[in-house]
Amino acid sequence: MDDTFLFAELVRRLNMDDGLAEEVPDRTGVLVRRWQGRDLDPPYMLHVNAPRLGDHLRSMEGISELFPDTTPEIGGLLLFIVHIEEAVETAPKGHRHLLIGPAGVYAQPDTPPRTDRSV
């Protein structure tokens with residue numbers, strides 16, 4: 001599945017359930033302004049681009065068992081959104097930058113490094 005499609009699908013799904021998210025102009029992340037009806041002020045910044053998101057979703061093993069009626073990438077996307085929710089709900093005050101880590105998504109207070117691996 002195309003990484004650009006997966007990125008657009010992430011933004012679309014983050015806008016469901018009374019959410020508000022938008023991709024940043026340079027496509028290096030997603031600004032999450034509202035989560036499940038709760039305004040986030042200041043908003044959270046999810047630092048991910050299309051290639052990084054695609055790589056991450058394809059790396060999730062065993063997703064087919066959790067979401068048998070979807071493709072592995074969409075199943076991975078659904079689980080990724082759960083990880084975002086956990087990070088938003090448990091982030092300490094001031095931790096507004098969401099990054100992909102080995103165990104899911106985590107929040108940190110400072111601006112993280114670039115998301116592409118070529119640096």
**Prompt:** Out of L79, L98, V48, which one pairs with I84 under the side chain to side chain contact (heavy atoms under 4.5 Å, CB included) rule?
**Reply:**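 Considering L79, L98, V48, a side chain to side chain contact (heavy atoms under 4.5 Å, CB included) with I84 is found only for L98.
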
Over all heavy atoms of both residues, which pair between [X] and [Y] is shortest? Give the atoms and the distance, please.
X: H56; Y: G101; answer: CE1-O, 4.2 Å
X: I74; Y: F5; answer: CD1-CE2, 4.4 Å
X: L14; Y: A21; answer: CB-CB, 3.7 Å
X: Y44; Y: A91; answer: OH-CB, 3.9 Å
X: T90; Y: E86; answer: OG1-O, 2.6 Å
X: N15; Y: V11; answer: ND2-O, 2.9 Å

Roughly how far, to the nearest 0.5 Å, is the [atom2] atom of [Y] from the [atom1] atom of [X]?
X: M60; Y: F80; atom1: CE; atom2: CZ; value: 7.0 Å
X: D3; Y: D55; atom1: CG; atom2: CG; value: 6.5 Å
X: R34; Y: D18; atom1: CZ; atom2: CG; value: 4.5 Å
X: L78; Y: L57; atom1: CG; atom2: CG; value: 9.5 Å
X: R52; Y: L99; atom1: CZ; atom2: CG; value: 9.0 Å
X: E9; Y: I81; atom1: CD; atom2: CD1; value: 8.0 Å

**Cluster link W35 to M45, ILVMFWY, side chain under 4.5 Å** =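 Hydrophobic grouping puts W35 apart from M45.
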
**Item:** Side-chain touch R96/Q108, heavy atoms, less than 4.5 angstrom
**Value:**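 They are not in side-chain contact.
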
**Request:** Look at the side chain of R58 and the backbone N and O of E73, then say whether any donor-acceptor pair between them is shorter than 3.5 Å.
**Result:**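 Not confirmed, R58 side chain does not pair with E73 backbone.
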
**Item:** From CA spacing to verdict: salt bridge (charged side-chain N to carboxylate O under 4.0 Å, His left out), R38, E89
**Value:** CA-CA 11 Å; R38 181 175 56 123; E89 296 300 328; 3.3 Å; yes

